[in-house]
Every structure is written in structure tokens, then in C-alpha cells.
Number of protein chains: 2
Amino acid sequence: MSDLLERLRGRGWRMTAQRRVVAEVLDGDHVHLTADEVHARAAERLPEISRATVYNTLGELVSLGEILEVSTDRRAKRYDPNAHRPHHHLVCARCGAIRDVHPTGNPLSDLPDSERFGFAISDVEVTYRGVCPNCAGA
Amino acid sequence: MSDLLERLRGRGWRMTAQRRVVAEVLDGDHVHLTADEVHARAAERLPEISRATVYNTLGELVSLGEILEVSTDRRAKRYDPNAHRPHHHLVCARCGAIRDVHPTGNPLSDLPDSERFGFAISDVEVTYRGVCPNCAGA
DNA sequence: ATCTTACAATGGACATTGTCTAAGTCAAGC
DNA sequence: GCTTGACTTAGACAATGTCCATTGTAAGAT
């Protein structure tokens, strides 16, 4: 267990049983869970936790910069605990598995001024899609 | 009007009044409409057209490679008639406006083998986000 | 021109994901 | 141990999209 709970408490986050279990669910493996998956895992330990609370808590953690929202498909948003190192995503077109990746280079420098249309660009998001070894082997 | 309808007919697409108006709606300006916006514009000319038909027709046009689906936010998918020249998107973080952009370079070459995890990568999608001149001026 | 038939359109129910609200509950400070 | 404002809850609601059974029709065959 990392110091996520400590950091949150230090920021004046009111600590409730619900928030604790949500934070602990995310503070494990670097997988990319949906809100409902987080809710299911949280409910194993705190059966009465409501969906709304999970949604609220996830939204707060995103605002606090402790986790990232990832939308790689039209389905549910996923939550990425790896918020402290910039990265992009590699998604399996078959099974939807997501890996964090760290490309070299900066896509921003690939966009000439003439293609910026006066926008003040603040962020670039890159999603690689392909078939993972698991799905390809089948 | 381009030759979109001709191309579709040539591919054996059964031409109905509904499909014609949907194709014609898309065959105009290179804007990025949602399915419901397409439905609204189509209904101006064919008031009885149903939502399901618009969804079906858009899905078919995507399968045929005549238009592209774009998902730049968590809201509705948008449809991009500019399917014949590869491009990426620049999205206004305030108003959601979308522009097609053509970055130089190839993001694929920025992803070393060690970061591919055995995936057979087939596609890269780049989304630039920022504030458009309109929203910045306000 | 009419018939035939497979393919398309329709409307409405349903599914998924997420948001909102009013009322009850509780963590943390006094 | 109170008090209080923040938190949680259940369920209604919203937005987008999909599915299905029924009805309609485009286009080839006669």
C-alpha cells in the first residue's frame, strides 16, 4: 500500500469508510478499472456502498490529480492510478485490454503552426490500437 | 454534391429515400455531426425517418469506409465525412469544436518495440486539445 | 407493368453509463 | 458527547445507443 491515503488526508480530505475502500481499490495493481468495476471491488469490503458515492469519489480523485480518466472506447470510462508519469495508451481491438506506454518524441512538435488554427494547445492524447498477443494467438 | 451516391450505388448499396438523405447530409460541409444532428437534418427533408435508420445507415457508411467515427469526448460519437485522407483531430476544450489536422511524422515510429508488448499495432489516433481562438477571445 | 422477395425502415422497448436530488448519516472539531 | 456541514444513499432521471418484430419497398424476374 502506498501513501495515497496519507496524501489525501494531508490535503484535508474528510476520510470516510467509503472513500477509504475506493482509494484502496485503486491503490493496487496498475489496471484500468471502470467505475462499476471499482464499485464491485469496493462492495466486497463495504457491501452497502452506493454507485453514486463511487462516482463522486472517482471524480474527486481525478480533480485532485491522483488518478486519470481514460476513454479508449465508447464504453465506460476507466480510471488509471498511474497519474504521476505522463503516458499514452495501447488498446487491444479485440479484448479491450489497455497498457500504459511511453512513446519517444513529442507529438506537439509534429503539428505545424499552420495546422493549429489559432488554438492554444494544452494537451495531446495518443491511442495506439492493435491486437494483443493473447487475442492473436487464439 | 460529390459522387458519394454514385460510389455507393456502384457497390450494390440498395438505394432508399432514407439512405439518400443521410448520405446527402454528410456529403456537404466537412463538419462533424452527431447521429442526432444527422437525424435532425435528414428529418427536415424526410420527416418520418427514424432514429434507428439513421444509426443503421451511419454504421453501414462507416463499415464501407465512406465516413469515420470520431469520439473526442464522452458525449455522442461524431461522423467525419473526410474518410479518404488520414488525419487527426484538434478539439476545443471549451466549446467542443473539432478541426481535422495533419501532423507531420508518424507516431508509430515513436513507439519502440519494447513498448509494444507483442501487440500487432494497426492504428494510431492522436487528439490535440486546447482552446480555440473564439473561446479564448471571449 | 406486375410480381416476388430479400433487404430496409419503423417505433418502441430496452441497455448502459452517468448525473442529480432530497433525506438521512457521520467525521471531526469544540 | 454535541454540533454541523460535509458525505452517503436510493432511486429517479438523462443521454446515447441497440435490438426486435412488424411493415414497407427497391430492384430484378417474368
Side-chain angles (χ1 to χ4, degrees), chain A residues 5-6 8-25 32-64 66-80 96 98, chain B residues 5-6 8-25 32-64 66-80 96 98:
Chain A
L5 290 176
E6 289 311 313
L8 292 171
R9 209 190 293 272
R11 296 220 222 169
W13 217 45
R14 182 162 150 187
M15 189 54 64
T16 67
Q18 291 84 351
R19 287 177 168 188
R20 193 190 331 275
V21 297
V22 169
E24 284 173 359
V25 163
H32 300 78
L33 301 172
T34 65
D36 271 347
E37 285 164 354
V38 172
H39 178 244
R41 295 196 184 195
E44 288 170 10
R45 289 200 258 166
L46 192 65
E48 297 322 309
I49 191 170
S50 76
R51 286 191 336 122
T53 296
V54 172
Y55 276 98
N56 288 341
T57 304
L58 289 171
E60 285 155 16
L61 289 171
V62 170
S63 296
L64 290 168
E66 294 291 345
I67 62 176
L68 294 176
E69 264 180 14
V70 182
S71 293
T72 54
D73 57 23
R74 298 294 321 159
R75 311 292 310 252
K77 287 182 221 175
R78 294 179 174 274
Y79 293 90
D80 187 340
I98 304 175
Chain B
L5 290 176
E6 288 310 313
L8 292 171
R9 209 190 291 272
R11 295 222 224 166
W13 215 47
R14 184 162 147 185
M15 188 55 64
T16 67
Q18 291 84 350
R19 288 178 165 188
R20 193 188 332 275
V21 295
V22 169
E24 284 172 359
V25 164
H32 300 78
L33 301 173
T34 65
D36 270 348
E37 286 165 353
V38 172
H39 178 242
R41 296 196 183 192
E44 287 169 11
R45 289 199 259 165
L46 192 63
E48 296 322 307
I49 192 171
S50 75
R51 285 191 337 118
T53 295
V54 172
Y55 276 97
N56 288 341
T57 304
L58 290 171
E60 284 154 18
L61 289 170
V62 170
S63 296
L64 290 169
E66 293 292 344
I67 62 177
L68 294 176
E69 265 180 14
V70 182
S71 294
T72 54
D73 57 22
R74 296 291 326 155
R75 310 293 308 254
K77 288 181 222 175
R78 294 178 174 275
Y79 292 90
D80 185 341
I98 304 175

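Below, chain A is the first sequence line, B the second, and so on; all start at residue 1.
Judged as a salt bridge (Lys or Arg N to Asp or Glu O under 4.0 Å), and not counting sequence neighbours, the contacts of A:Arg45 are A:Glu24. The side-chain contact (heavy atoms from CB on, under 4.5 Å) check on A:Ser50 picks up A:Ala52, A:Thr53, with sequence neighbours excluded. Residues passing the side-chain contact (heavy atoms from CB on, under 4.5 Å) test with B:Arg74, sequence neighbours excluded: A:Ser71, A:Lys77. Not counting sequence neighbours, the partners of B:Arg41 by the side-chain contact (heavy atoms from CB on, under 4.5 Å) test are B:Val25, B:Leu33. Listed by chain and number, the residues in a side-chain contact (heavy atoms from CB on, under 4.5 Å) with B:Thr34 are B:Asp36, B:Glu37, B:Ala76, B:Arg78 (sequence neighbours excluded). Partners of B:Arg19 under the side chain to side chain donor-acceptor pair (under 3.5 Å) rule, at least two apart in sequence or in another chain, are B:Glu60. Not a single ring pair (Phe, Tyr, Trp, His ring centres under 6.0 Å) links B:His39 to another residue, sequence neighbours left out.
Following rounding to the nearest Å, B:Glu37 (CD) and D:dT16 (C1') show an atom-to-atom distance of 13 Å. As rounded to whole Å, 11 Å separates atom P of D:dG17 from atom CZ of B:Arg74. Protein atom NZ of B:Lys77 is 14 Å distant from nucleotide atom C1' of D:dA15, rounded to whole Å. Regarding A:His39, its NE2 atom lies at a distance of 13 Å from the C1' atom of D:dG11, rounded to whole Å.
Boundaries of the chain A contact region on DNA chain C are C:dT16 to C:dA28, first to last in 5' to 3' order (nucleotide atom under 4.0 Å from a heavy atom).
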> When you look at A:Tyr79 and A:His32, which way does the side-chain contact (heavy atoms from CB on, under 4.5 Å) test go after all the steps?
Replying inline: CA-CA 5 Å; A:Tyr79 293 90; A:His32 300 78; over 6 Å; no
>> Walk me through whether B:Ile49 and B:Val22 qualify under side-chain contact (heavy atoms from CB on, under 4.5 Å).
In response: CA-CA 10 Å; B:Ile49 192 171; B:Val22 169; 4.0 Å; yes
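Using a 4.0 Å heavy-atom distance criterion, A:Arg51 is classed as a base contact. As judged by a 4.0 angstrom heavy-atom cut-off over every strand, B:Arg19 is placed among residues touching the sugar-phosphate backbone only.
The nearest pair of heavy atoms linking A:Leu5 to A:Ala23 is CD2-CB, 3.7 Å. Scanning all heavy atoms of the two residues, the minimum distance from A:Trp13 to A:Leu61 falls at CH2-CD2, 4.1 Å. When all heavy atoms of A:Val21 and A:Ala42 are compared, the pair lying nearest together is CG2-CB, 3.9 Å.
Side-chain N or O atoms of A:Arg75 include none that pairs as donor or acceptor with a backbone N or O of A:Gly96 at under 3.5 Å.
Comparing D:dT9, D:dT18, D:dT16 by their nearest atom to the side chain of A:Ser50 picks out D:dT9.
For the helix from C:dA1-D:dT30 to C:dC30-D:dG1, the terminal axes (five pairs an end, C1' atoms, rotation from four pairs onto the next four) enclose an angle of 20°, given to 10 degrees.
Contacts of residues 52-61 of chain B with DNA chain C (heavy atom under 4.0 Å): B:Ala52, B:Thr53.
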> For nucleotides 24-30 of chain D, read 5' to 3', which letter fits each nucleotide if B means a protein heavy atom sits under 4.0 Å from the base, S means only the sugar-phosphate is that close, and - means neither?
Replying inline: BBBS---
